[in-house]
Amino acid sequence: MRRVEKKTGRPLRRRWFFRIVLPICLILSLYVLQRILIHFPDVGETYAKTGFIFFSFIPAKISSLVPISLSEVFIITLALSSPILIAWMIIRIRRACKQKRGKKCFFNIGSATAWILFSVYFLFMLLHGLNFTRYSLDEKLGFGKRKYSVEELQEVFAWVISGLNESREKCEEDENGVVTYPGGRYAFLSDLSDLYEESAKKFPTLKGNSARPKPVMVSHYWSYTYIVGLFFPFFAEPNINDDVPFVEMMYNACHEMSHLHGYAVENDANLAALVIALSSDCPELRYCGYYEAVELIIKDMVIAYNKDNDSLQEFLSRYPTVSGYFRDFNDARKYWLSIDPPEIVEKVSNAANDAYLKANQQKEGVKSYNMPTSIVADYYFIFVKGES
């Protein structure tokens, strides 16, 4: 004999299944699906080039119409309203308990929570999560297939310094002699969508939807957690910390735009940002690519020189950089030295990001931001010299 709920006559077991058990099972199914698709990148690649572009198109277009960060408005509104919602919920629970309807109240709250969590997770998967399962970008570009000799890396370094000096000389400067953009930061963020798409024409795998990156009002406080950008998938919106030095902000904006173009893995988004910047016709954006490339190629050369620092320093001294580069470098260094957050803040931020990445099948966690070695050399020999 089955028990039934007195008022509606519905079997209690059936109500529990559809309102509690089913959404929990669906959440677990989505997680398992992502875990399975990691091993089938063909499926993830197909989705990124079809389904993701389709589902993110309207949110990206709506987001671009609004000049402020919708993500920031949503998160702040949610944070401010949460105490009110929690207080309202507590009042309802107490009232229900007094009227001996406590079980039903908890059941309804549990049901609503379960379905809301499923809906949020489902949208996350459609608009970002499944993109973790596609091929890596370096693999799509043909990178990582060879090792380079010291002489080849020296050639790449000479090219980087030449490009750095040439592009920096063409850049706009602010009153402190630091690189900026005609019209300032907001003008750059407004133009970035077009600049990104112009570079992406040369690399079909980077094509996708585009949207205006949004500066956030709490940028300065973001810096204390070392957050320099955030892609909010529910609005398909790249959010940018515009308090950081301009040369870094340009690269960070390209990184977040790359998430919108379907590259969820952090080192893929970093690589996409580098490729977009290096191939740009905009001198400021191209300079930010070379600015990042200098550090990357030097790391490769340190390994290639096998701790022979004297020989390495002697070679590097042959290629002086323009003074503007040092002003930009010192400006960035000075900024980050001024940011002195409590250690607990940094640890919590890092742990949260690490857990998020690992939950999305990125076993290396925050280490997945690190790009593979020889990335700059691969770009040079494949796309500059035209060698395979």
Side-chain angles (χ1 to χ4, degrees), residues 136-139 141-168 179 226 228 244-245 247-248 250-252 254-255 265-279 286-337 346 350 354 362-385 387-388:
S136 64
L137 181 56
D138 60 318
E139 187 176 0
L141 293 175
F143 289 5
K145 293 183 178 180
R146 57 174 288 195
K147 293 184 177 181
Y148 297 96
S149 66
V150 171
E151 291 74 20
E152 287 174 321
L153 293 176
Q154 289 176 340
E155 181 181 348
V156 177
F157 181 80
W159 167 75
V160 169
I161 296 301
S162 175
L164 180 86
N165 291 339
E166 175 271 332
S167 56
R168 183 61 178 83
V179 66
Y226 297 105
V228 293
V244 302
V247 68
E248 295 185 4
M250 287 191 289
Y251 187 77
N252 298 335
C254 288
H255 174 102
V265 177
E266 299 299 342
N267 56 17
D268 283 346
N270 270 336
L271 175 55
L274 182 68
V275 169
I276 289 294
L278 287 174
S279 58
R286 190 167 66 253
Y287 168 66
C288 100
Y290 285 115
Y291 184 91
E292 294 292 329
V294 169
E295 181 180 355
L296 293 171
I297 189 60
I298 288 178
K299 285 182 179 179
D300 291 340
M301 294 182 72
V302 168
I303 296 173
Y305 270 82
N306 194 25
K307 299 182 180 180
D308 187 359
N309 292 328
D310 292 338
S311 296
L312 175 59
Q313 291 302 322
E314 189 278 329
F315 171 78
L316 296 180
S317 66
R318 301 179 202 169
Y319 296 90
T321 56
V322 293
S323 58
Y325 167 78
F326 293 103
R327 289 195 296 272
D328 301 331
F329 182 85
N330 289 331
D331 178 65
R333 182 173 177 273
K334 181 180 178 181
Y335 174 83
W336 288 111
L337 286 175
E346 182 180 355
N350 193 65
D354 189 69
Q362 304 305 296
K363 295 180 180 179
E364 295 184 347
V366 292
K367 292 181 180 179
S368 65
Y369 282 91
N370 300 326
M371 285 191 282
T373 58
S374 302
I375 287 297
V376 180
D378 285 330
Y379 178 89
Y380 171 75
F381 282 104
I382 294 176
F383 296 114
V384 178
K385 294 197 70 175
E387 299 178 6
S388 59

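Along the sequence shown, residues carry numbers from 1.
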If you define the side chain from C-beta out and look only at heavy atoms, does anything of [X] sit under 4.5 Å from [Y]?
{"X": "Leu141", "Y": "Phe383", "answer": "yes"}
{"X": "Asn270", "Y": "Leu274", "answer": "no"}
{"X": "Phe157", "Y": "Val376", "answer": "no"}
{"X": "Tyr325", "Y": "Val294", "answer": "yes"}
{"X": "Asn252", "Y": "Val244", "answer": "yes"}
{"X": "Phe315", "Y": "Met301", "answer": "yes"}

Check: Which residues satisfy the salt bridge (Lys or Arg N to Asp or Glu O under 4.0 Å) test with Arg168, sequence neighbours excluded?
Finding: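 Testing Arg168 for salt bridge (Lys or Arg N to Asp or Glu O under 4.0 Å), a comparison that skips the adjacent residues, returns Glu173, Asp328.
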Next item on the list: Quick one: list whatever passes salt bridge (Lys or Arg N to Asp or Glu O under 4.0 Å) with Glu295, sequence neighbours left out.
Entry: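 Salt bridge (Lys or Arg N to Asp or Glu O under 4.0 Å) list for Glu295, sorted by chain: Lys299.
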Closest contact, heavy atoms only, [X] versus [Y]:
{"X": "Val160", "Y": "Tyr290", "answer": "O-CD2, 3.6 Å"}
{"X": "Leu153", "Y": "Ala377", "answer": "CD2-CB, 4.1 Å"}
{"X": "Trp336", "Y": "Pro245", "answer": "NE1-CD, 4.3 Å"}
{"X": "Ala304", "Y": "Val150", "answer": "O-CG2, 3.7 Å"}
{"X": "Cys254", "Y": "Ala273", "answer": "CB-CB, 3.6 Å"}

Check: Do NZ/NE/NH1/NH2 and the carboxylate oxygens of Glu152 and Arg146 come within less than 4.0 Å?
Finding: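 Salt bridge present between Glu152 and Arg146.
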Going from [atom1] on [X] to [atom2] on [Y], what distance comes out if it is rounded to the nearest 0.5 angstrom?
{"X": "Glu292", "Y": "Leu164", "atom1": "CD", "atom2": "CG", "value": "11.0 Å"}
{"X": "Leu312", "Y": "Gln154", "atom1": "CG", "atom2": "CD", "value": "9.0 Å"}
{"X": "Leu278", "Y": "Tyr379", "atom1": "CG", "atom2": "OH", "value": "5.0 Å"}
{"X": "Tyr148", "Y": "Ser374", "atom1": "OH", "atom2": "OG", "value": "6.5 Å"}
{"X": "Ile375", "Y": "Leu271", "atom1": "CD1", "atom2": "CG", "value": "5.0 Å"}
{"X": "Tyr305", "Y": "Asp310", "atom1": "OH", "atom2": "CG", "value": "11.5 Å"}

Check: What orientation do Tyr380 and Trp159 show, parallel under 30°, tilted 30 to 60°, or perpendicular over 60°?
Finding: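 Taking Trp159 first and then Tyr380, their aromatic rings sit tilted (interplane angle of 30° to 60°).
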Next item on the list: Fit a plane to each ring of Tyr291 and Phe329, take the angle between them on a 0 to 90° scale, and name the class: parallel (under 30°), tilted (30 to 60°) or perpendicular (over 60°).
Entry: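 Rings of Tyr291 and Phe329: tilted, 30 to 60°.
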Next item on the list: Without swapping roles, check the side chain of Asn330 against the backbone of Phe326 for a donor-acceptor pair under 3.5 Å.
Entry: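 Answer holds: yes.
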Check: Do side-chain atoms of Asp268 reach the backbone of Ser136 as a donor and acceptor pair under 3.5 angstrom?
Finding: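 Checked: no pair found.
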Check: After noting the C-alpha distance and the side-chain angles of Val156 and Phe381, does the key distance pass the side-chain contact (heavy atoms from CB on, under 4.5 Å) rule?
Finding: CA-CA 8 Å; Val156 177; Phe381 282 104; 3.6 Å; yes
